[in-house]
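Chain naming here is simple, since letters A, B, ... match the order of the sequence lines and numbering starts at 1 in each.
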4 protein chains.
Amino acid sequence: MLITIDLQSEIPLYLQLKTQLIKGIATGELAEGEPLPSFRQLSADLGINMLTVKKTYDQLKQEGYLTMHRQKGAVVNGQLHARMTDQYVLTLKQQLAPFITEAFCYGMKKAQFTAICNALYEELEEGKEND
Amino acid sequence: MLITIDLQSEIPLYLQLKTQLIKGIATGELAEGEPLPSFRQLSADLGINMLTVKKTYDQLKQEGYLTMHRQKGAVVNGQLHARMTDQYVLTLKQQLAPFITEAFCYGMKKAQFTAICNALYEELEEGKEND
Amino acid sequence: MLITIDLQSEIPLYLQLKTQLIKGIATGELAEGEPLPSFRQLSADLGINMLTVKKTYDQLKQEGYLTMHRQKGAVVNGQLHARMTDQYVLTLKQQLAPFITEAFCYGMKKAQFTAICNALYEELEEGKEND
Amino acid sequence: MLITIDLQSEIPLYLQLKTQLIKGIATGELAEGEPLPSFRQLSADLGINMLTVKKTYDQLKQEGYLTMHRQKGAVVNGQLHARMTDQYVLTLKQQLAPFITEAFCYGMKKAQFTAICNALYEELEEGKEND
DNA sequence: GTGGTCTAGACCACG
DNA sequence: GTGGTCTAGACCACC
């Protein structure tokens, strides 16, 4: 799986990495049980610090995406889903609100916004089918 | 206009304030030509630092939402919209992507996600009609 | 609140700190809403690294004991309890099992073990009453 | 005797193995004089490294649970108990404290905690009776 | 001042 | 080799 880090971006490195790994899991590109590269390996490949990678792995572990393994390193965890609690939906709404307000301010129509979301969603779904 | 600041939030105070003011302008709740409260007044009302309010006004002014008057203070500037560049759409997609990926991981269906967005969007549109 | 760190111990520093802070919260010595010292302050006081303190705070935050605050620093979070899920009880049993097995091997009677636990429990309860 | 190793666990493999062997000895499931499987056999059965098994046996030998025989391999050593020093009791209290504090924070009552411990204790005692 | 992030080293236990 | 922990610096945005 190809991972790219933009050192210029204002988005923290560990978040860039996290987002891409989650996407890999979502699309199935990183299948359940598949091992991820070790801290050292990945940090060397990306040219960033070990701790930054570890921080990412720690968060993914805490959120249930990964399991850390003394022998095999980090492996992808199945059994996501069924975590879509009301609490999550609430949090999501709060997170989306500012973007929607901004889009509205910029004169974007509801239909266009929906189209963008659908496009992103379908990207993931297609990725999953192609596994 | 009611403004609420969440000191617990990880969103910077000035951004919370900015978003709400922009929303007010977008919905028309803050009409063109209407003066905004002074730094001192607003910062006291919200219980935050004057500098934080000033920073918000500065940005809004710089983005064309406000005009500063020596006597009237800050007044709302009309003529928004028509700023929806391709660049903005691209940025928006990048910002939305992680939330959509996460929702997808948590098993949320596209329809449910769209429904949430539509609900948020319609809140804004209704606000505009009721002015 | 007095916090002591044993640099000689094989227990990680951040865990020593975490345990003591949780205990402080449990006994009510750190009351809801009370601010904790900043990273820099506490790390300087204890003579350990800032990141080690931050790591502790991060975990306590993630477990719901704390809320991080841009202005006030870290503050104690109320509304614990009601988190005693079946999952937690199961985890607890797994964590306790080895200690009980060991005690049993060393010839400790059930009554003595229970007595030790009760003593520890009552320490906390008394601490709470005395607030 | 059934031994299970959890590769996911954060508990070192050699400790998992050691705990279970001690438990077997404590309950009498592994009777005095009974030979244990060879390194090679046990490591193959459990799917772990031979060195890990050896490390476990070494420690058990050093703690007096086993005796190594050039021909018979490792054999169980009787005469346990009577090792419950004050030092051990102190250590145990320190180890249990964090779990009890956490349980207390989560709203667990003393009675429920005691019940859990008793249940675990009785499991061991019954194991012993049934031999 | 605060927290948030990142780096470049280091040592340890485990396997 | 792996992950787990720790240190001593640094820069940034926010308040």
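- The residue among C/Ile48 and A/Met68 whose nearest nucleotide of DNA chain F is located toward the 5' end is A/Met68.
- The CG-P distance, from D/Leu15 to E/dC14, rounds to 7 Å in whole Å.
- Partner assigned to F/dA10 is E/dT5, using Watson-Crick or G-U wobble distances below 3.5 angstrom.
- Residue D/Lys55 places at least one side-chain N or O closer than 4.0 Å to OP1 or OP2 of E/dC14.
- For the pair C/Thr52 (side chain) and C/Ile48 (backbone), a donor-acceptor distance under 3.5 Å is absent.
- No donor-acceptor distance shorter than 3.5 angstrom exists from the side chain of A/Glu34 to the backbone of A/Val75, with no hydrogens or angles considered.
- Listed for the B/Gln16 side chain is a donor-acceptor partner under 3.5 Å among the backbone atoms of B/Ile11.
- In this structure, the CG atom of C/Leu42 is 16 Å from the C1' atom of F/dT7, given to the nearest Å.
- Taking atom CG on D/Asn49 and atom P on E/dG15, their separation rounds to 9 Å, with Å as the unit.
- Dashed line: the shortest gap from a side-chain N or O of A/Tyr57 to OP1 or OP2 of F/dG3 is not under 4.0 Å.
- Proximity of A/Lys54 to the phosphate of F/dG4: a side-chain N or O atom is located under 4.0 Å from OP1 or OP2.
- Distances from the side chain of A/Ser38 to the nucleotides E/dT2, F/dG3, E/dC14 place F/dG3 closest.
- Atom CD1 in D/Ile11 sits about 14 Å away from atom C1' in E/dC14, given to the nearest Å.
- Between C/Gln41 and A/Arg40, it is C/Gln41 whose nearest contact on DNA chain E lies nearer the 5' terminus.
- The distance from atom NZ of C/Lys18 to atom P of F/dC6 is 12 Å, rounded to the nearest whole Å.
- Using bins of under 30°, 30° to 60° and over 60° for the plane-to-plane angle, the ring pair C/Phe39/C/Tyr57 lands in the perpendicular bin.
- C/Leu51 places its CG atom 13 Å from the P atom of E/dG3, with the value rounded to the nearest Å.
- When distances are taken from the side chain of D/Thr52 to each of F/dG4, F/dT7, E/dG15, the shortest belongs to E/dG15.
- F/dT5 atom P lies 13 Å from atom CD of C/Gln16, rounded to whole Å.
- Side-chain contact annotation: C/Thr91 with C/Gln95, donor-acceptor N/O pair under 3.5 Å absent.
- For C/Phe39, the listed nucleotide lying nearest its side chain is E/dG3; candidates were E/dA8, E/dG3, E/dA10.
- Annotation: of the two residues near DNA chain E, A/Tyr14 and D/Leu13, the 5′-most nearest-nucleotide partner is A/Tyr14.
- The separation between C/Ile5 atom CD1 and F/dT7 atom C1' is 15 Å, rounded to whole Å.
- With F/dC15, F/dT5, E/dT5 as the candidates, the nucleotide lying closest to the side chain of C/Pro12 is F/dT5.
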